Amino acid sequence: MCGRYTLKTPLDKLVQQFDLTGQSPTLSPNYNVAPTQNVAAVMNGRRLETLRWGLIPSWAKDDSIGARLINARAETVNEKPSFRSAFRRRRCLIPADGFYEWRRLNGGKQPYYITLRGGEPFVFAGIWESWSGAGEDVLSCAIITTRANSLVAEIHERMPVIIPAIAYDDWLDPEIDAHEALALLEPYPADAMDAYLVSTHVNRPANNDERCVKPL
DNA sequence: CCAGACGTTGTT
DNA sequence: GTCTGG
DNA sequence: CCAGACGTTGTT
DNA sequence: GTCTGG
């Protein structure tokens with residue numbers, strides 16, 4: 001799955017890499033992006049916006065459900081009531097430069113840091129929703145997961161969907177049909193990725209520094 | 001018809 | 001809002 | 001994802 | 001054990 005990631009690439013590089021338009025929110029390097037926090041997302045029109053990680057369906061009575069809807073399975077995202085309308089009409093790209101997965105072994109857990117080979121920033125496939133149950137509207141999002149490729153499978157059964165640059169426009173286009181969007185949800189090639197063991201420093205969401213990504 | 005759920009992961 | 005279960 | 005709380009009454 | 005919060 002995907003429950004933590006990093007975004008430490010400077011904004012000017014993201015603007016260049018993802019053809020961002022308009023005014024972007026300010027970003028500071030984040031080595032430990034965690035659920036319920038505000039995250040940067042590329043919306044249709046290539047505008048960078050800030051959304052809460054953990055999707056709050058429009059019908060939710062309160063926002064607490066969002067903490068549990070941090071991922072949506074590619075296999076069912078077009079069917080589940082919580083995700084279906086967002087998947088069909090409100091897709092986004094969530095920039096990152098690495099993500100963490102925990103490997104279970106002999107009752108323990110060790111975190112690994114996974115990046116693209118070369119360390120370039122990339123984007124997760126995301127869906128977003130607007131919730132107006134409290135005073136102001138809350139925009140929130142979820143990251144879509146799929147089966148792990150051969151590299152990540154050594155660590156965990158699932159991994160986030162990474163959208164290749166050639167598919168950015170299609171993914172963001174609300175007019176493409178669900179079938180076309182589903183076809184983009186494939187595991188990223190293992191031979192284009194790297195993974196290494198890191199310390200449990202990253203376990204604590206408040207820890208946000210270089211030690212999170214330091215090879216063990 | 002109305003009531004109640006609506007999610008993923010991992011573990012058993 | 002929409003679907004499933006009773 | 002992991003970390004941390006999880007309860008009431010009454011007193012300071 | 002289970003739920004909430006980050």
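Below, each value reflects all heavy atoms present in this structure, side chains not excepted, and no hydrogens, waters or symmetry copies. As the structure is a prediction and not an experimental result, all values here were calculated from the model. Each chain gets a letter, A, B and so on, in the order the sequences are listed, and its residues count up from 1.
- Rounded to a whole Å, the CD1 atom of Ile143(A) is 14 Å from the P atom of dT8(B).
- A distance of about 11 Å separates the C1' atoms of dT8(B) and dC1(D), rounded to the whole Å.
- Listed candidates were dT8(B), dT9(B), dC6(B). Nearest to the side chain of Arg158(A) is dT9(B).
- Rounded to an integer number of Å, the gap from Ile65(A) CD1 to dG4(B) C1' is 13 Å.
- Within 4.0 Å of Thr200(A), counting heavy atoms only, lies no atom of the nucleic acid at all.
- Using a 4.0 Å heavy-atom cutoff across all strands shown, Pro35(A) reaches at least one base atom of the nucleic acid.
- Checked against dG6(E), dC3(C), dT8(B), the side chain of Thr36(A) finds its nearest nucleotide in dG6(E).
- In this structure, Leu69(A) atom CG and dG7(B) atom P are separated by 8 Å, rounded to whole Å.
- With values rounded to the nearest 0.5 angstrom, Thr145(A) atom OG1 is found 12.0 Å from Glu157(A) atom CD.
- A side-chain N or O of Thr6(A) and one of Tyr113(A) form a donor-acceptor pair less than 3.5 Å apart.
- If you take NZ of Lys61(A) and P of dG1(C), they are 12 Å apart, rounded to a whole angstrom.
- Interatomic distance, CG of Leu182(A) versus CG of Asn78(A), reported as 5.0 Å (0.5 Å rounding).
- Within the structure, a side-chain polar atom (N or O) of Arg204(A) is placed less than 4.0 Å from OP1 or OP2 of dG4(D).
- Phosphate contact (OP1/OP2 of dT9(B), side-chain N/O of Arg73(A), threshold under 4.0 Å): present.
- Between Arg68(A) and dC3(E) there is no side-chain N or O to OP1 or OP2 distance below 4.0 Å.
- Note on Trp102(A): only backbone sugar-phosphate atoms sit closer than 4.0 angstrom, heavy atoms only; bases stay farther off.
- Between the OH atom in Tyr5(A) and the CZ atom in Phe122(A) there is a gap of 9.5 Å [rounded to 0.5 Å].
- By the 5.5 angstrom centroid cut-off and the 30-degree plane limit, Tyr100(A) is classified as not stacked against the base of dC1(D).
- Using a 4.0 Å heavy-atom cutoff across all strands shown, Thr145(A) reaches sugar-phosphate atoms only and no base atom.
- Of the C1' atoms belonging to dG7(D) and dT2(E), the separation is 15 Å, rounded to the nearest Å.
- Between Gln37(A) atom CD and dG5(E) atom C1' there is a gap of 10 Å when expressed in whole angstrom units.
- Set against dC1(D), dC3(C), dG7(B), the side chain of Arg4(A) has dC1(D) as its closest nucleotide.
- Atom CZ of Phe83(A) is separated from atom C1' of dA5(B) by 14 Å (rounded to the nearest Å).
- The line from OG1 of Thr146(A) to CG of Asn71(A) is 12.0 Å long, rounded to the nearest 0.5 Å.
- Note on Leu55(A): nothing from the nucleic acid sits closer than 4.0 angstrom, heavy atoms only.
- The environment of CD in Gln16(A) is sparse: at most 12 heavy-atom neighbours from other residues, nucleotides or ligands sit within 6.0 Å.
- Residue contacts for Ser58(A): at a heavy-atom cut-off of 4.0 Å it reaches no nucleic acid atom on any strand shown.
- Remark: dG1(C) base-pairs with dC6(B); criterion is Watson-Crick or G-U wobble with both hydrogen-bond distances under 3.5 Å.
- The gap from the P atom of dT9(B) to that of dC3(C) amounts to 23 Å, rounded to the nearest Å.
- Per the geometry, NZ belonging to Lys109(A) stands 3 Å off P belonging to dC2(D), to the nearest Å.
- Distance CG (Asp62(A)) to C1' (dC6(B)): 13 Å, rounded to an integer number of Å.
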